[in-house]
Amino acid sequence: MGNEGRLGRLNSLLRRRGVVLPSYEIYGGVSGLIDYGPVGARIKRRVIDAWIDHWSSIGGVVEVDSPTITPKPVLVASGHVDEFNDHMSECSSCNAVFRSDHLLKDVHENPDSLKAPELDKMIAQSAIACPSCGKSEWGDASPMNLMFPTRIGATRGGRDAYMRPETAQGMFMLYPALFRHFRQKLPFGAMQTGKGFRNEISPRQGMIRLREFNMAELEYFIDPEDPPTPDLGEWGSSVSLLPDPEGPHAGEHSLTFSEALDSGIVKHPTVAWFLALTWEFLVHVGVNPERIRFRQHASTEMAHYADDCWDCELSGEHGWVEAVGIANRTCHDLLSHEEHSGSKLLRGWRQFDSPRTETRDVLAPKGAVIGPAFKDEAGAVTKALSELTEIPDSLPFVLHLADGSKVEITGEMVTRKNEEVTLHGEYFTPHVIEPAFGIDRIIWHILDHGYSEIEKEGGEYTILGLKQTVAPFDVVTLPLFDKDGMGDLARRISSRIDSLPGIQGDMDSSRSIGRRYARADEIGVPWAITVDHASLEDGTVTVRRRDDQAQVRTEVESLLSHLSSGSVGDLF
RNA sequence: GCGAGUGUAGUGUAGCGGUUAUCACCCCACGUUGCCAACGUGGGAACCCGGGUUCAAAUCCCGGCACUCGCACCA
């Protein structure tokens with residue numbers, strides 16, 4: 001935690017310099033919504049670009065882009081409509097509000113599954129005491145859906161929909177297209193960056209809990225029997241791990257990713273790989289490695305879809321904050337979408353090493369008998385016969401149809417056969433490992449970790465120590481004075497800098513040179529180049545390094561090539 | 001959502017019934033300076049929103065919104 005007032009000064013800086021500001025401020029503002037200003041939007045752009053680059057580099061991963069408006073059935077299948085419908089009960093005596101299911105923790109095994117009337121009944125029957133005042137006078141449980149509802153269609157009618165609470169469902173919807181794109185071979189991944197929406201009850205803590213936020217998610221589809229097991233030796237650093245507090249490894253451990261997997265703390269090799277890749281990304285964009293830890297969810301805390309879940313937490317002015325969730329979602333989503341939609345396209349194909357021949361008894365239907373006997377139901381009967389897993393020893397027998405009804409099958413209707421089939425492979429529902437990044441929370445910690453208040457010549461001085469990869473500008477060009485042609489030369493140099501691919505410069509000619517260095521330092525510009533009288537004579541400029549204010553004189557051409565190759569530091 | 005506190009230029013603040021609304025930083029122009037928030041002159045910029053009380057409200061009261069803290073919530 002920082003010293004007293006640091007948080008306030010950092011927030012002031014972010015507002016003053018157009019990094020992050022409250023939204024709609026002239027109309028009073030809205031809690032949980034923020035704007036990225038001209039400086040912040042550039043930082044955000046670069047963090048997202050870095051994220052896409054990072055995950056692209058592991059191969060077999062593509063970017064997709066889906067709508068934020070999501071039809072209700074999609075979110076019913078994913079479980080969000082139910083899971084997001086927590087109920088709240090209010091104490092009529094002291095007005096305190098609690099989650100209804102939490103009140104029933106001790107009297108019901110799975111209170112989360114109860115409907116509102118059942119909750120009310122059980123709270124009354126068990127005479128649950130208010131944790132706040134001890135009385136037992138409860139109002140009715142009322143639903144609290146954290147999703148933003150909307151409707152598709154401007155006229156009457158239309159379909160119920162919600163703003164997406166996560167981008168992940170978009171990737172699941174695209175699974176068939178992805179499977180085709182990757183020529184029907186697992187593993188592969190799809191990633192997406194974009195907005196997610198959660199109607200938080202009480203957003204707090206600036207950019208930590210937002211109602212509309214930026215997320216970046218990767219869904220990595222694997223064959224659960226053949227998960228990728230990359231070599232983790234590449235990551236030699238030890239990291240802080242907090243395994244399940246109810247499990248065998250409870251307590252804080254400092255281990256390499258490889259050790260964490262070998263010791264069984266991380267259960268899944270692909271999850272371990274993603275923990276390492278997540279750590280690498282965060283450090284790459286400027287998060288302080290000492291302020292990163294991975295915390296395993298207790299089984300009781302697990303999201304409805306997850307099997308094993310790790311949070312990557314970052315420490316800053318708001319304490320330890322979950323910034324990335326890495327979950328093994330198993331086959332939950334694809335299977336549930338298959339069940340709800342009836343689609344058969346949400347599967348993977350596992351080729352056998354050699355074809356397998358299976359023989360099995362079947363009862364082959366005789367269409368000529370079954371058709372007239374069952375008429376409209378004949379199709380369902382035929383289907384049920386083909387799906388029989390156990391062939392009855394004697395006929396007639398009672399067959400259960402898919403709709404629950406029963407029919408009697410007699411000897412004339414079927415032929416008992418011994419069928420031989422050759423199987424070259426089998427269908428299965430892929431499992432999904434998902435790293436989900438909260439971009440705003442990561443940006444906050446980049447800013448927090450980069451913000452330093454130092455003493456300079458007796459005065460207070462502020463530097464935002466952003467890595468060049470996420471700095472709002474790579475370099476600022478400063479004419480020592482905007483006269484004698486120095487301003488014109490500076491503008492020409494600045495324009496050449498801007499034309500370098502991937503490099504963005506800024507220019508500042510207003511007021512004293514020291515003030516301009518300070519302004520650039522404050523928003524994290526790593527390099528400043530100064531055009532002075534000598535520049536007019538010999539085409540050299542001075543390059544100043546933000547972090548130690550060291551200066552070196554160099555040719556403009558040399559500077560431009562070092563900027564292009566990202567090696568300005570080599571000039572010093 | 002509950003309780004308490006706080007809302008004054010871009011930022012930090014003074015004013016607490018009657019002021020041309022204070023000060024500093026800031027921003028702009030000109031001059032000066034000629035490599036680390038220098039200086040001079042001039043200029044710019046604010047009482048969260050809506051009601052009420054009062055001759056008069058930034059100031060008192062009520063409601064809303066926002067922020068901070070505590071409780072609750074946060075897949």
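Chain letters run A, B, ... following the sequence lines, proteins first, then strands; residues in each count from 1. What you see below is based on every heavy atom in this structure, not just the backbone, and it leaves out hydrogens, waters and symmetry mates. In this text the structure is predicted, and so the values were computed from the model without any measurement.
The partner of B/rC73, taking Watson-Crick or G-U wobble pairs whose two distances both stay under 3.5 Å, does not exist in any strand shown. Within the shown strands, B/rC26 is the pairing partner of B/rG44 under the Watson-Crick or G-U definition, both distances less than 3.5 Å. Of the nucleotides present, none pairs with B/rA14 by Watson-Crick or G-U wobble criteria with both distances under 3.5 Å. Searching all strands for a Watson-Crick or G-U wobble partner of B/rC36 with both distances below 3.5 Å returns nothing.
Judged by distance alone, with hydrogens and angles left aside, A/Tyr517 brings a side-chain donor or acceptor within reach of the base of B/rC35, the pair sitting under 3.5 Å. Between the side chain of A/Arg198 and the base of B/rA75 there is at least one donor-acceptor pair of N/O atoms closer than 3.5 Å. In terms of polar N and O atoms assigned as donor or acceptor, the side chain of A/Arg204 comes within less than 3.5 Å of the base of B/rG70 in a complementary pairing.
One N or O on the side chain of A/Ser336 and one on the backbone of A/Ala77 form a donor-acceptor pair closer than 3.5 Å. Under a 3.5 Å cut-off, the side chain of A/Arg516 and the backbone N or O of A/Pro479 do form a donor-acceptor pair.
In this structure, CG of A/Leu21 is placed 12 Å from C1' of B/rU11, rounded to the nearest angstrom. Atom NZ in A/Lys456 sits roughly 6 Å away from atom P in B/rA37 (whole-Å rounding). Atom C1' of nucleotide B/rC35 and atom CG of A/Asp548 are separated by 15 Å, given to the nearest angstrom. The CG atom of A/Leu7 sits 12 Å away from the P atom of B/rG12 (whole-angstrom rounding). In this structure, A/Leu14 atom CG and B/rG12 atom P are separated by 12 Å, rounded to whole Å. Here the P atom of nucleotide B/rA37 and the CD1 atom of A/Ile523 are 18 Å apart, to the nearest Å. One can place CZ of A/Arg211 at 12 Å from C1' of B/rA66, the figure rounded to the nearest angstrom. Taking atom CG of A/Leu210 as the reference point, atom P of B/rA66 lies 14 Å away to the nearest angstrom.
Counting only heavy atoms from C-beta outward, the side chains of A/Val324 and A/Arg441 never approach each other to under 4.5 Å. For the pair A/Lys44/A/Asn214, a side-chain contact is recorded, criterion being any heavy-atom separation below 4.5 Å from C-beta on.
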Protein-to-nucleotide contact annotation, 5' to 3' order, nucleotides 23-28 of chain B [B base; S sugar-phosphate only; - none; under 4.0 Å, heavy atom]:
---SSS
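Aromatic pair A/Phe221/A/Tyr175: centroids less than 6.0 angstrom apart. The ring of A/Phe197 has its center no closer than 6.0 angstrom to the ring center of A/Phe213.
Comparing B/rG10 with B/rA45, their P atoms are spaced 11 Å from each other, to the whole Å. Comparing B/rC23 with B/rG43, their P atoms are spaced 14 Å from each other, to the whole Å. Going from the P atom of B/rA4 to that of B/rG17 covers 24 Å, rounded to whole Å. Between the P atoms of B/rU13 and B/rC55, the separation comes to 36 Å (whole Å). Going from the C1' atom of B/rC36 to that of B/rC47 covers 37 Å, rounded to whole Å. Distance check on atom C1': B/rG44 versus B/rG63 gives 35 Å, rounded to whole Å. The gap from the C1' atom of B/rA66 to that of B/rC26 amounts to 24 Å, rounded to the nearest Å. For the P atoms, the distance from B/rC2 to B/rG18 is 35 Å, rounded to whole Å.
Using a 4.0 Å heavy-atom criterion, one finds that A/Asp532 contacts the bases of the nucleic acid, with or without backbone contacts as well. No engagement by A/Arg17 is indicated, since no non-hydrogen atom pair under 4.0 Å with the nucleic acid exists. A/Ser202 comes within 4.0 angstrom of a base, heavy atoms only. As judged by a 4.0 angstrom heavy-atom cut-off over every strand, A/Tyr27 is placed among residues making no nucleic acid contact. Using a 4.0 Å heavy-atom distance criterion, A/Gln551 is classed as a base contact.
Nearest-nucleotide mapping onto RNA chain B: of A/Arg553 and A/Ser12, the residue sitting toward the 5' end is A/Ser12. Ranked by how close their nearest RNA chain B nucleotide is to the 5' end, A/Gly28 and A/Ser512 are led by A/Ser512.
Applying the 6.0 Å contact sphere to CG of A/Leu536 captures more than 12 heavy atoms from other residues, nucleotides or ligands.
Side-chain atoms of A/Tyr451 and A/Glu453 form a donor-acceptor pair, as typed in the model, at a separation below 3.5 Å.
Between A/Ser31 and B/rC67, a side-chain N or O to OP1/OP2 separation shorter than 4.0 Å is present. Taking 4.0 angstrom as the limit, A/Arg15 places a side-chain polar atom (N or O) nearer than this to OP1 or OP2 of B/rU11.
With respect to the salt-bridge test (charged N to carboxylate O, under 4.0 angstrom), the residues A/Arg544 and A/Asp521 qualify. Between A/Arg496 and A/Glu557 there is a salt bridge, with a side-chain nitrogen of the basic residue lying less than 4.0 Å from a carboxylate oxygen of the acidic one.
Taking a 4.0 Å limit (strictly below) on heavy-atom distances, residues 441-449 of chain A does not reach RNA chain B anywhere.
Taking the ring centre of A/Trp320 as origin, the terminal cationic atom of A/Arg293 falls inside the region bounded by 6.0 Å and 45° from the ring axis.
Judged as a ring pair (Phe, Tyr, Trp, His ring centres under 6.0 Å), and not counting sequence neighbours, the contacts of A/Tyr220 are A/Trp273, A/Phe274.
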